[in-house]
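For ligands, and for the atoms within them, numbers begin at 1 and follow the listed sequence. Residue indices begin at 1 and follow the sequence shown.
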Amino acid sequence: MALTWTHKDRGEIRVHENLQELSIDLVDYIAEVSEASIKEHGAFCIVLSGGSLISLMGKLIEPPYDKIIDWAKWYVFWADERVVAKSHDDSNYKLAKDNLLSKVNVFPRHICSINDTVSAEEAAAEYEFAIRQMVRTRTVAASDNSDCPKFDLILLGMGSDGHVASLFPNHPALLVKDDWVTFLTDSPKPPPERITFTLPVINSAARVVVVATGESKANAIHLAIDDLPKQESSLSLPARLVHPSNGNLIWFMDKPAGSKLDKV
Ligand SMILES: O=C1O[C@H](COP(=O)(O)O)[C@@H](O)[C@H](O)[C@H]1O
């Protein structure tokens, strides 16, 4: 049984017994939000990340989810991408394509991935332009209180340094306010060239989920969620800056990742 509670300003926290339990709870949540979004506005705009998140979503291609989800109404985006060929093992697109998207009936034209033949700067600009077009045509909702898209669900992983998407500790990308997508050529985690959603976009989503597993993430989870006596600059922990202004935040983790939380 998961230990769950709601923190006064850090959202809902779900600490699971093991990866199997976490994975079931995560896909149940995704299926629920997919259904609710489709009922509400006829589409489900979901934003993926790379890393360990995708294997935790693996049950989506199995019964009953493969049949009950209305895949034709899914629009898929990425919170960040490595600027490598789509066939490269580092590609977040390839990871999701191989393990999820190629196994369900999401329309290829509903998959909004980056152009892998241009520079990081151009890829970021083109990706943002494509999303702006989708907001204009109302495929993606617009935020009520910012000049940003309002995705139905943004799924983020978190590194042991507290990075989310490709927003790394103390990196200038954390300060970008006017762009929806920015780029970096000096990522501390390889590969160096990446594009990423900026914080205003992440924090304008209707729902943001952060998924973290393993003991190596325990300290970052503690710093991202617990009330800290004397807070260092939040720029040193991007996950602490995830704070949807008008949406829900949920943290899914296993016991080792949650082991340093005050409540645990
Ligand atoms: O480089 C990245 O890392 C994070 C975290 O990955 P994880 O394997 O530790 O879960 C991921 O969320 C991000 O999309 C990816 O580009």
Item to complete: Check whether any N or O atom of L53, backbone or side chain, sits under 3.5 Å from an N or O atom of ligand 1, and answer yes or no.
Response: no
Discussion item. Any nitrogen or oxygen of S166, side chain or backbone, less than 3.5 Å from one on ligand 1?
Written reply: no
Which atoms from ligand 1 have a heavy atom of [X] less than 4.0 Å away?
{"X": "G157", "answer": "12 (O)"}
{"X": "S49", "answer": "12 (O), 14 (O)"}
{"X": "D80", "answer": "13 (C), 14 (O), 15 (C), 16 (O)"}
{"X": "K217", "answer": "7 (P), 9 (O), 10 (O)"}
{"X": "R194", "answer": "1 (O), 2 (C), 16 (O)"}

Discussion item. Applying a heavy-atom cut-off of 4.0 Å, say which part of N92 lies close to ligand 1: side chain, backbone, both or neither.
Written reply: side chain
Worksheet item: How does H163 reach ligand 1, if at all, at less than 4.0 Å between non-hydrogen atoms: by side chain, backbone, both, or neither?
Response: side chain
[X] and [Y] ion-paired at < 4.0 Å:
{"X": "E12", "Y": "R14", "answer": "yes"}
{"X": "E17", "Y": "K255", "answer": "yes"}
{"X": "K59", "Y": "D28", "answer": "no"}

Discussion item. Consider side chain to side chain contact (heavy atoms under 4.5 Å, CB included). Of I195, I111, I114, which one does W78 pass it with?
Written reply: I111
Practice prompt. Apply the side-chain hydrogen bond (donor to acceptor under 3.5 Å, both in side chains) test between H16 and each candidate in T213, T4, D25; give the one that qualifies.
Written response: D25
Note the single closest protein heavy atom to [atom], along with its residue, its atom name and the distance in Å.
{"atom": "atom 1 (O) of ligand 1", "answer": "R82 NH2, 2.8 Å"}
{"atom": "atom 8 (O) of ligand 1", "answer": "S52 N, 3.0 Å"}
{"atom": "atom 3 (O) of ligand 1", "answer": "K189 NZ, 2.8 Å"}

Discussion item. Quiz question: by atom type and distance under 3.5 Å, do the side chains of D226 and H7 form a donor-acceptor pair?
Written reply: no
Fill in: Side-chain H-bond candidate by donor/acceptor type, T182 with T198, under 3.5 Å
no
Discussion item. For the CE atom of M57 and the CG atom of L100, what is their distance to the nearest 0.5 Å?
Written reply: 5.5 Å
